[in-house]
**Q** 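Shown below is the structure under consideration.
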Amino acid sequence: MQRYNPTEIEEKWQKKWKKEGLFKVDVKETANKYYCLMMFPYPSAALHVGHGRNYIIGDVVARYKMMRGYNVLSPMGWDAFGLPAENAAIKKGIHPRESTLGNIKMMKQQMESWGVEYDWDREVTSCMPDYYKWTQWIFLQLYKKGLAYRKKAFVNWCPSCSTVLANEQVIEGSCERCDSQVDQKELEQWFFKITEYAQKLLDDLDKLNEWPEKVRTMQRNWIGRSEGVNIDFPVVDSDITLTCFTTRVDTIFGCTYMVLAAEHSMVGELVKDNPEKDKIMDFVREVRNESKIKRVQTGEEKKGIFTGRYAINKINGRKIPLYIADYVLMEYGTGAVMAVPAHDQRDYEFAKKYELPIEVVIDKPSPVIPPVRRNFSEGGSAAENGSSLCHPDSEVRRSQIIRNSLAKAGAERVEGSINLKVEEMTEAYEEEGVLVNSDKFDGMKNTDAMAAIADHMEQNDIGKRSIHFKLRDWLISRQRYWGAPIPMIYCDKCGIVPVPEKELPVLLPEVVEFRPTGESPLNAAKDFVNTKCPKCSGDAKREIDTMDTFVDSSWYYLRYISPKLEDKPFDKKDVNNWFPVDQYIGGVEHAILHLLYSRFITKVLNDMGYVDFDEPFQRLFTQGMIVKDGAKMSKSKGNVVSPDELIKKYGADTVRLYTLFIGPPEKDAEWSDRGVEGAFRFLKRVWNILEILETSPEKGGDEKAKETLIRKMHQSIKKVTEDIDGEFHFNTAISAVMELANQVYVGISESGDGCYDKACLTEVMNNMVLLIAPFVPHIAEEINEQMGNKTSPFKSEWPSYDESMLKADTVVVPVQVNGKLRSTIEMSRGLDKDKIQALVETDEKVKEWISGKEVRKWIILPEKLVNIVVS
RNA sequence: GCGGAUGUGGCGGAAUUGGCAGACGCGCUGGCCUUAGGAGCCAGUGGUUUUACCGUGGGGGUUCGAGUCCCUCCAUCCGCACCA
């Protein structure tokens with residue numbers, strides 16, 4: 001019997017899997033298809049054990065599903081365009097393609113050393129022309145459908161990366177990559193009209209019930225739908241009408257002024273005759289230039305300026321002053337806000353500062369609360385003693401009364417009295433209540449008034465119900481080199497002309513200066529820029545921006561199905577057969593961007609008839625991070641754990657096992673090198689059972705030991721199966737196999753060597769090999785072979801358990817007295833309550849505990865527990 | 001501020017129709033074996049003032065019985081954040 005030598009056997013089996021094409025899939029075979037997808041990585045640098053978790057989990061799922069009889073597709077590719085490669089190119093002076101392809105090669109080797117297998121024939125690399133040709137094709141489809149458009153817009157500009165960022169890439173006013181403060185800059189940019197799909201993207205989240213609730217909530221918040229009313233306010237002495245969006249139309253009678261965003265298009269027009277025009281425009285410029293991070297800073301005081309103009313609140317004919325302020329955003333709603341200082345905290349602060357009127361229109365309900373007498377007995381304060389000082393029912397009754405009166409909301413109001421006094425207010429009252437000072441709506445519950453006032457406005461042409469979203473259109477232009485060129489041409493005669501599909505791909509020019517200058521590096525490649533118009537053949541210029549890499553990654557999963565097709569991005573029939581993806585696995589950091597964009601692109605392709613499904617990912621799993629010393633692994637922190645040395649020392653199976661055992665995979669986990677050794681020990685223990693098997697007797701053995709072991713085996717099969725099928729609880733699945741392996745040793749220690757015959761131990765070993773195969777595939781294959789089996793575990797059937805073998809004939813029942821454990825009694829299964837009670841009554845310990853006491857109650861749960869209540 | 005999650009030994013973590021808290025692993029202690037041990041095997045390992053009591057972030061409640069259910073407070077993490 002040789003020692004467990006992982007290095008040797010792992011190489012052997014990795015070669016064999018490759019040779020036999022274990023992971024190769026023919027997409028034409030669609031029966032029992034299972035599409036297992038891992039988010040394709042950005043090829044940046046060597047992988048650490050944290051990255052490994054993603055691939056290992058995916059590999060486990062793929063192998064497990066294989067054993068469950070599925071035809072498993074598990075592909076891998078590279079999200080290979082993007083800034084870091086370009087930055088590295090600038091730094092080291094090598095072409096981004098070189099560094100990218102070098103990284104890909106290295107990462108691929110690492111994946112292989114983990115024993116993580118893919119159908120590499122389907123590898124896609126987004127920076128290769130045969131891929132980005134179709135990224136450009138997708139752009140053209142969106143353009144065709146009017147979903148790609150160009151407009152001048154204030155955009156997020158990262159001065160350090162010299163590029164525009166999508167809203168999603170700005171984190172608290174800073175660039176998500178380099179952390180520099182993001183400026184606002186007005187540029188002509190390409191956008192994808194994702195807002196047109198806002199409602200659908202929101203609605204269909206309900207269908208994705210196999211996604212983590214957290215991710216769905218995040219997307220919901222990001223889309224940010226709110227219902228309200230667009231209200232028209234005509235400006236006095238002008239034909240301008242300003243429209244405000246509000247979700248609190250019930251507070252319209254309390255609107256005492258109105259505020260515009262500095263960016264509002266009417267600002268110039270409104271102040272053009274104002275003698276203080278220059279002062280106002282200075283203020284506007286100041287606000288516009290203020291960085292977003294400063295504007296958003298908590299506690300930042302709101303600034304504003306009076307325009308000198310007034311508008312009319314048509315519902316009551318009131319003339320209200322028109323302000324410009326920094327706290328109103330142009331990006332949301334209409335960029336104009338009706339201010340109700342009594343019922344909106346921001347408006348309240350602003351009104352206080354500029355001494356604008358504050359008027360209450362929603363009153364606090366005034367519940368009539370019967371006085372509850374407190375401190376009527378001796379002892380501490382009411383608070384200390386709680387309800388014990390009151391009649392037990394009075395608390396209940398009191399809260400009921402409060403609830404009722406809130407429901408009726410102020411039915412008890414005395415005519416003309418208002419509970420909420422402006423003089424007494426220290427902040428806005430934003431809660432629910434009853435309308436006051438609101439004309440014919442007085443006395444209405446504010447939630448009812450919302451509908452009533454909206455109806456009134458629609459009937460009288462004052463306003464219109466409206467829905468607004470926080471979601472902005474997706475800005476996809478990037479002023480960088482290393483991305484897919486946007487396939488558009490500008491012709492002086494014909495205007496904007498798309499590149500004809502048959503001329504795709506628009507190739508990235510080879511030699512170019514990458515150093516960022518503020519304009520796209522492609523502009524320096526004159527051969528590229530200067531072209532002919534596809535329409536009139538006259539001189540024309542190409543678009544010099546490239547696409548956001550999120551465009552590349554929003555469709556790659558479709559390409560895997562037919563990665564080599566030259567005349568189409570994918571085959572419709574094959575794609576329809578294989579989609580949706582059965583299991584998508586990746587980091588939660590993509591909860592919004594990538595997953596939202598992918599859903600959007602899929603819906604567009606669906607609407608255009610290219611695919612028959614409208615959601616790409618059936619089930620989503622987001623794994624947690626692996627941290628070291630409490631922090632995310634990073635080179636700068638020096639806490640990166642490289643898998644390479646660990647694999648050299650312990651083997652890939654040990655690293656895999658520990659990674660899976662470390663904790664529930666959806667949670668963050670702390671890496672411990674010591675823990676790795678424990679995993680290694682376990683594998684050795686399993687391996688060494690081979691030796692026990694060799695010396696086992698052909699027949700005989702100890703019946704009790706065999707029975708216990710076989711029972712444990714069935715229990716383990718059940719537990720492992722349920723843990724994988726459920727929420728991927730590999731950690732507890734592995735602990736179940738550990739218990740099984742331990743039982744082998746426990747039996748020997750209790751019943752001596754030779755307590756298992758060969759048949760028994762062989763059965764246990766065969767099943768154990770299958771149970772661990774998805775986690776530690778190399779050692780499973782090797783033990784399997786040493787056992788003399790000819791079929792690979794991955795071509796074998798997943799083991800099944802026998803329900804009747806799970807439980808022993810007798811059961812140990814805990815006996816409690818007054819809820820405290822006092823004894824345990826072994827008894828046969830299936831006894832009725834009377835027999836159990838009789839048995840328990842004979843127990844010495846129980847007798848001791850209940851003697852001299854009055855037994856009030858017996859709680860008997862057969863085969864589970866007995867509790868005797870005494871006093 | 002809003003939304004979501006988490007809180008259990010020295011550590012990672014188990015435990016759901018409410019029923020023996022701490023599975024499994026790490027670490028630690030002791031023993032066996034060994035020329036040796038950073039190998040292997042066996043035993044022990046929540047705390048304490050140990051006939052028993054106390055223990056799942058704090059406080060309260062429901063129950064024969066609560067880590068699990070209810071109320072309340074606290075802490076940490078994540079996401080969003082002047083969204084009208």
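Residue numbering restarts at 1 for every chain, and letters A, B, ... go by the order of the sequence lines.
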**Q** Of all the nucleotides listed (B/C20, B/G3, B/C24), which has the minimum atom distance to the side chain of A/Phe661?
**A**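 Closest nucleotide to the A/Phe661 side chain: B/C24.
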
**Q** Ring centres under 6.0 Å, that's the criterion: do A/Phe350 and A/Tyr327 meet it?
**A** yes

**Q** Does a side-chain N or O of A/Asn742 approach OP1 or OP2 of B/G25 to a distance below 4.0 Å, or not?
**A** yes

**Q** Does one side chain, of A/Arg216 or A/Asn209, offer a donor that lies under 3.5 Å from an acceptor on the other?
**A**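 Side chains of A/Arg216 and A/Asn209: no pair found under 3.5 Å.
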
**Q** Among B/A14, B/C80, B/C24, which nucleotide has an atom closest to any side-chain atom of A/Trp222?
**A**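 Of the candidates, B/C80 comes closest.
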
**Q** Kindly point out which of B/C24, B/A52, B/A14 is positioned nearest to the side chain of A/Thr732?
**A**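 Looking only at heavy atoms from C-beta outward on A/Thr732, the closest nucleotide is B/A14.
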
**Q** Using the side-chain heavy atoms of A/Tyr745, tell me which of these nucleotides is nearest: B/C26, B/C82, B/C42.
**A** B/C42

**Q** Which nucleotide sits closest to the side chain of A/Lys820: B/A43, B/C53, B/C82?
**A**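 So the nucleotide nearest the side chain must be B/C53.
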
**Q** Syn or anti: how is B/G55 classified when any glycosidic angle within 90° of 0 counts as syn?
**A**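 Anti, angle beyond 90° from zero.
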
**Q** Now, which nucleotide makes the Watson-Crick or G-U wobble pair with B/G7, with each of the two distances under 3.5 Å?
**A**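 Partner of B/G7: B/C74.
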
**Q** Starting at the 5' end of RNA chain B, which residue's closest nucleotide do you reach first, A/Ala679 or A/Arg248?
**A** A/Ala679

**Q** Indicate whether OP1 or OP2 belonging to B/C78 is found under 4.0 Å from a side-chain N or O atom of A/Lys214.
**A**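 Indeed not, no polar side-chain atom of A/Lys214 lies that close.
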
**Q** Between A/Arg681 and B/C26, is there a contact of a side-chain N or O with OP1 or OP2 at under 4.0 Å?
**A** yes

**Q** Which base, if any, makes a Watson-Crick or G-U wobble pair with B/A14, both distances under 3.5 Å?
**A**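 WC or wobble partner does not exist here.
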
**Q** Using both distances under 3.5 Å as the test, list the Watson-Crick or G-U wobble partner of B/U63, or none.
**A** none

**Q** OP1 or OP2 of B/C41 versus the side-chain N and O atoms of A/Arg685: is any pair under 4.0 Å?
**A** yes

**Q** What is the pairing partner of B/G27, taking Watson-Crick or G-U wobble pairs with both distances under 3.5 Å in any strand?
**A** B/U45

**Q** What is the minimum heavy-atom distance between A/Thr243 and A/Ala336, and which atoms define it?
**A**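 So the minimum-distance heavy-atom pair works out to O-CB, 3.5 Å.
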
**Q** So, is A/Asn867 close to the B/G19 phosphate, meaning a side-chain N or O under 4.0 Å from OP1 or OP2?
**A** no

**Q** Tell me which nucleotide, if any, is Watson-Crick or G-U wobble paired with B/C20 when both distances must be under 3.5 Å.
**A** none

**Q** So if I take every side-chain heavy atom of A/Asn731 and compare against B/A84, B/G25, B/A14, which nucleotide ends up nearest?
**A**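 Looking only at heavy atoms from C-beta outward on A/Asn731, the closest nucleotide is B/A14.
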
**Q** Starting the side chain at C-beta, find the nucleotide from B/C24, B/G19, B/C53 nearest to A/Ile859.
**A** B/G19

**Q** Any strand is fair game: report the nucleotide pairing with B/G55 by Watson-Crick or G-U wobble, both distances under 3.5 Å, or none.
**A** none

**Q** Given atom CE of A/Met625 and atom C1' of B/G79, what is their separation to the nearest angstrom?
**A**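 That distance rounds to 13 Å.
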
**Q** Please determine which of A/Phe682, A/Trp671, A/Tyr650, A/Phe730 meets the ring pair (Phe, Tyr, Trp, His ring centres under 6.0 Å) test together with A/Tyr658.
**A**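 The single option meeting the ring pair (Phe, Tyr, Trp, His ring centres under 6.0 Å) with A/Tyr658 is A/Trp671.
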
**Q** Over how many whole Å does the gap from A/Lys667 atom NZ to B/A14 atom C1' extend?
**A**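 Nearest whole value for this atom pair: 11 Å.
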
**Q** Among the nucleotides B/C82, B/C42, B/G19, which one has an atom lying closest to any side-chain atom of A/Gln816?
**A** B/G19

**Q** So does A/Lys857 reach the base of B/C64 with its side chain, donor to acceptor, closer than 3.5 Å?
**A** no

**Q** Nearest of B/C64, B/G13, B/G38 to any side-chain atom of A/Pro664?
**A**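 The listed nucleotide nearest to A/Pro664's side chain is B/G13.
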
**Q** With rounding to the nearest 0.5 Å, note down the distance linking CG in A/Asn867 to NZ in A/Lys857.
**A** 9.5 Å

**Q** Now, which nucleotide makes the Watson-Crick or G-U wobble pair with B/C2, with each of the two distances under 3.5 Å?
**A** B/G79

**Q** Counting only heavy atoms not in A/Lys353 (residues, nucleotides, ligands), do more than 12 fall under 6.0 Å from its NZ?
**A**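 It does: A/Lys353 NZ has more than 12 such atoms within range.
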
**Q** So if I take every side-chain heavy atom of A/Lys684 and compare against B/U17, B/G12, B/G40, which nucleotide ends up nearest?
**A**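 Nearest listed nucleotide: B/G40.
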
**Q** For A/Asp668 and for A/Gly333, find the nucleotide of RNA chain B with the closest heavy atom, then tell me which residue's nucleotide is more 5'.
**A**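 Nearest nucleotide further toward 5': that of A/Asp668.
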
